[in-house]
Visitor: 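Below is the structure I would like to discuss, written out as structure tokens.
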Amino acid sequence: MARALGTFDYVIVGAGTAGCLLANRLAADPEVSVLLIEAGGRDGWMWIHIPVGYIFCIGNPRTDWCYRTEPCDGLNGRSILYARGKVLGGCSSINAMIYMRGQGRDYDAWAALTGDAGWSWKSVLPVFKRTEDHYKGATEFHGAGGEWRVEQQRLRWEILDAFQAAAEELGVPRTDDFNRGDNEGSSKFEVNQRRGVRWSAVKAFLRPAAHRKNLTVLTDALVTRLRLEGRRVRGVELERAGESLVAEARIETVLAAGAIGSPQLLQLSGVGPGRVLAQHGIPVAHELPGVGENLQDHLQLRMAFKVRNVRTLNEVVNSWSGKVRIGLEYLLFRTGPLTMAPSQLGLFTRSSPDRARPNIEFHIQPLSLDRFGEPLHPFPAFTASVCNLQPTARGSVRLKSPDPRAAPAIQPNYLSTPEDHRVAVDSLRLTRRMAAARALAAYQPEEFVPGSRLQSDAELVRAAGDVGTTIFHPVGTCRMGRADDPAAVVDSRLRVRGLGGLRVVDASIMPTITSGNTNSPTVMIAERGSEMIREDRRRA
């Protein structure tokens with residue numbers, strides 16, 4: 001028999017980016033009690049905080065769920081790693097740290113799809129600013145004094161400066177800010193760091209609230225299902241250290257388990273597509289066909305080029321003296337390669353001139369390797385990864401087992417549409433033109449991934465399937481929409497349709513993916529969600 005853990009006003013499932021912010025905001029009211037539940041452990045490991053430590057965190061069961069996709073036709077039958085944070089801070093403790101809002105048109109589309117102007121760019125910009133602590137201080141587009149620290153990266157590479165100049169030759173302008181609503185151009189990515197150390201949602205939002213007596217944080221606790229009484233959610237069932245527990249929620253249960261975890265938990269609880277639940281013998285408590293559908297993600301196509309006459313990270317880390325210099329520089333100054341985000345230089349542009357707005361993003365890196373987690377190559381090289389910002393493919397997250405410990409079936413359906421094929425081919429050809437520009441001529445770039453021998457459209461589509469991999473931006477699996485939209489899971493106030501006492505507040509509610517990295521849009525979603533929850537309590 002399950003032991004009663006207690007009754008709380010709010011029970012939050014998932015202490016990732018959204019959950020940490022929600023806990024901070026809801027527990028700011030001393031009259032309410034908040035329980036925050038995280039399946040992963042504490043964030044005390046050194047490599048969570050040293051920025052380059054993401055290479056040790058991703059794919060490590062200590063900090064990552066280590067999901068894999070189902071074999072994907074668009075990836076030529078491959079299954080790939082699908083990292084999701086399993087630690088306090090969630091993905092903000094293991095991600096690329098890139099601060100990116102996306103494009104204003106992304107949010108205007110949300111407003112149109114939901115019929116709620118509160119999701120428009122004009123409405124969400126002040127929310128972004130309110131949470132932000134930008135190194136430039138308060139401006140028209142940036143905030144100061146918020147919790148979400150944004151700084152410049154603390155290193156530079158000659159080869160990246162040359163690539164930026166090459167892109168400029170092809171008409172990609174330089175910009176000093178990707179976050180004004182139109183991110184077209186090239187610039188060094190800004191990052192969520194403070195003086196060369198990762199700035200996670202734990203540091204920003206959870207730690208400042210940890211002393212509050214009305215906030216309980218439970219780690220190493222797996223929520224196994226929601227507790228439903230008719231059409232109202234009353235809390236959750238969970239397991240911790242082999243013990244079954246029950247936590248009751250007086251006002252609301254809030255799912256903040258992300259684009260994989262939130263739909264999985266709904267389905268385990270009998271909320272979702274009846275045909276999926278029936279396959280696993282789960283009684284349908286509430287039919288919601290959109291749960292787990294509409295998965296969207298950014299697929300990056302990695303092109304790698306050998307170079308000459310310039311230093312890259314490959315040679316540095318392949319010598320003991322280089323490793324010692326890197327360590328000393330970080331120890332003494334908090335600068336250098338140990339402060340690196342996975343990518344330093346970013347470009348947003350159009351894959352072809354007929355595009356109405358920038359539809360591809362480049363991540364340029366002064367390194368190369370065969371695949372994530374493997375050693376860097378022994379020769380100087382750089383990688384130019386390009387992703388389709390507005391993919392038309394839609395995937396799914398569906399149960400594979402009624403066991404809550406079993407990973408769900410993640411099928412992104414990458415490169416499954418003619419439109420996405422066209423963008424992939426155009427993007428690879430554009431990358432080649434950049435590599436052939438005058439600004440890079442002195443370094444004699446030589447493409448070795450996927451290989452310059454591949455020229456036809458069919459060959460390049462095949463190559464995209466061979467080199468494509470996720471940038472870990474899954475969204476959309478509990479998407480919000482209008483009341484007459486049968487596939488919408490939540491309304492524009494993030495309440496699960498047809499159920500009382502339950503919201504979803506994380507990246508899964510995005511109806512369409514943002515045109516850039518998705519962590520900071522999740523901060524904005526959580527800030528808006530916390531406002532809605534508090535407003536509804538005041539009205540009750």
Side-chain angles (χ1 to χ4, degrees), residues 17-18 21-22 98-132 134 139-143 146 148 150 175 177-185 189-190 192 256 258-259 294-298 346 348 350 355-361 387-392 394 471 473-483 485 487-495 503-533 535:
T17 299
L21 188 148
L22 286 164
I98 291 172
Y99 181 74
M100 188 64 58
R101 297 170 177 169
Q103 298 170 7
R105 292 191 193 183
D106 299 331
Y107 301 99
D108 291 340
W110 291 9
L113 288 167
T114 62
D116 186 341
W119 290 105
S120 69
W121 172 245
K122 180 180 178 181
S123 297
V124 302
L125 176 58
V127 184
F128 277 113
K129 291 173 64 176
R130 185 161 64 247
T131 57
E132 187 181 17
H134 198 274
T139 66
E140 179 184 0
F141 291 99
H142 291 286
W148 201 225
V150 180
T175 182
D177 193 345
F178 282 138
N179 290 298
R180 290 189 288 240
D182 176 6
N183 53 17
E184 186 164 15
F189 285 121
E190 294 174 344
N192 294 118
N294 192 50
L295 174 63
Q296 297 162 59
D297 190 15
H298 290 142
F348 291 83
R350 294 164 171 79
R355 298 289 165 176
R357 57 179 171 136
N359 70 311
I360 57 174
E361 176 184 8
C387 75
N388 182 352
L389 291 171
Q390 296 130 26
T392 55
R394 297 292 183 267
I471 320 181
H473 295 166
V475 306
T477 50
C478 296
R479 72 173 177 88
M480 60 178 171
R482 295 173 182 265
D485 179 355
V489 176
V490 299
D491 65 16
S492 67
R493 293 187 67 79
L494 311 186
R495 297 170 297 203
R503 288 187 213 235
V504 181
V505 184
D506 57 32
S508 72
I509 65 92
M510 295 186 187
T512 52
I513 195 167
T514 54
S515 299
N517 309 69
T518 54
N519 191 239
S520 288
T522 302
V523 172
M524 180 277 293
I525 289 168
E527 181 76 351
R528 287 214 73 216
S530 71
E531 292 173 349
M532 295 169 182
I533 293 168
E535 287 169 359

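Only this structure's heavy atoms are used, side chains among them; waters, hydrogens and symmetry mates stay out. A quick note: this is a predicted structure, and the numbers were derived from the prediction, not measured.
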Visitor: V505 versus I525: any side-chain heavy-atom pair under 4.5 Å?
Guide: yes
Visitor: Quick check on side chain to side chain contact (heavy atoms under 4.5 Å, CB included): which of R357, R101, M100, E361 does N183 satisfy it with?
Guide: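 It is M100, the one option of R357, R101, M100, E361 that forms the side chain to side chain contact (heavy atoms under 4.5 Å, CB included) with N183.
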Visitor: Tell me, do S508 and V490 make a side-chain contact under 4.5 Å, heavy atoms counted?
Guide: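 Side chain of S508 against side chain of V490, heavy atoms only: no contact under 4.5 Å found.
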Visitor: If you apply the rule side-chain contact (heavy atoms from CB on, under 4.5 Å), what do you find for E184 with Q103, and how did you get there?
Guide: CA-CA 9 Å; E184 186 164 15; Q103 298 170 7; over 6 Å; no
Visitor: Kindly write out the residues that satisfy side chain to side chain contact (heavy atoms under 4.5 Å, CB included) with T514, not counting sequence neighbours, or none if the list is empty.
Guide: D106, Y107, W110, M510, T518, P521
Visitor: Quick one: closest heavy-atom pair of L494 and I509, and the distance?
Guide: CD2-CD1, 3.9 Å
Visitor: Taking it one step at a time, do H142 and D177 satisfy side-chain contact (heavy atoms from CB on, under 4.5 Å)?
Guide: CA-CA 10 Å; H142 291 286; D177 193 345; 2.6 Å; yes
Visitor: Shortest non-hydrogen contact from G476 to N294?
Guide: O-ND2, 3.0 Å
Visitor: Measuring from W119:CH2 to S492:OG, what's the distance to the nearest 0.5 Å?
Guide: 8.0 Å
Visitor: Rounded to the nearest 0.5 Å, how far apart are CG of L125 and CZ of R180?
Guide: 12.0 Å
Visitor: Could you tell me whether the side chain of F178 reaches within less than 4.5 Å of the side chain of F189, counting heavy atoms only?
Guide: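 Counting from C-beta outward, F189 and F178 do come under 4.5 Å.
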Visitor: What closest approach, in Å, do Q390 and P358 show between heavy atoms, and which atom pair accounts for it?
Guide: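 Shortest heavy-atom separation between Q390 and P358 comes out as NE2-O, 3.1 Å.
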Visitor: Is the closest side-chain heavy-atom distance between T512 and Q296 below 4.5 Å?
Guide: yes
Visitor: Return yes if some donor-acceptor pair links the side-chain N/O of R479 with the main-chain N/O of V489 below 3.5 Å, else return no.
Guide: no
Visitor: Can you list everything that forms a salt bridge (Lys or Arg N to Asp or Glu O under 4.0 Å) with R482? Sequence neighbours excluded, please.
Guide: none
Visitor: Would you mind reporting whether E527 and L21 have side-chain heavy atoms less than 4.5 Å apart?
Guide: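 A side-chain contact under 4.5 Å exists here.
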Visitor: Using only atom types and a distance under 3.5 Å, with no angle test, would you say the side chain of R355 pairs donor to acceptor with the backbone of R350?
Guide: no
Visitor: Once rounded to the nearest 0.5 Å, what's the spacing between atom CG of D116 and atom OG of S123?
Guide: 8.0 Å
Visitor: For the atom pair CH2 (W121) and CZ (R105), what is the distance rounded to the nearest 0.5 Å?
Guide: 13.5 Å
Visitor: How close do F348 and S515 get, counting heavy atoms only, and between which atoms?
Guide: CE2-O, 3.6 Å
Visitor: When you look at N179 and Y99, which way does the side-chain contact (heavy atoms from CB on, under 4.5 Å) test go after all the steps?
Guide: CA-CA 8 Å; N179 290 298; Y99 181 74; 3.4 Å; yes
Visitor: Ignoring hydrogens, what is the shortest heavy-atom contact between A111 and A117? Give both atom names and the distance.
Guide: CB-CA, 4.1 Å
Visitor: If I take atom CZ from residue R528 and atom CZ from residue R493, how far apart are they, to the nearest 0.5 angstrom?
Guide: 8.0 Å
Visitor: Is the backbone of L389 close enough, under 3.5 Å, to the side chain of H298 for a donor and an acceptor to pair up by distance?
Guide: yes
Visitor: If we ignore hydrogens and angles and just use 3.5 Å, is the side chain of K122 paired with the main-chain N or O of D108 as donor and acceptor?
Guide: no
Visitor: If you take all heavy atoms of V124 and G118, which pair is closest and at what distance?
Guide: CG1-O, 3.8 Å
Visitor: Report the residues that fulfil salt bridge (Lys or Arg N to Asp or Glu O under 4.0 Å) with D297, sequence neighbours left out, ordered by chain and then residue number.
Guide: none
Visitor: With a 4.5 Å heavy-atom cut-off, do H134 and T139 have their side chains touching?
Guide: no
Visitor: Under 3.5 Å, side chain of T477 to main-chain N/O of A259, donor-acceptor pair present?
Guide: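 Confirmed, T477 side chain pairs with A259 backbone.
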Visitor: How many angstroms lie between atom CG of N517 and atom CD1 of I471, to the nearest 0.5 angstrom?
Guide: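 So the CG of N517 and the CD1 of I471 are separated by 7.0 Å.
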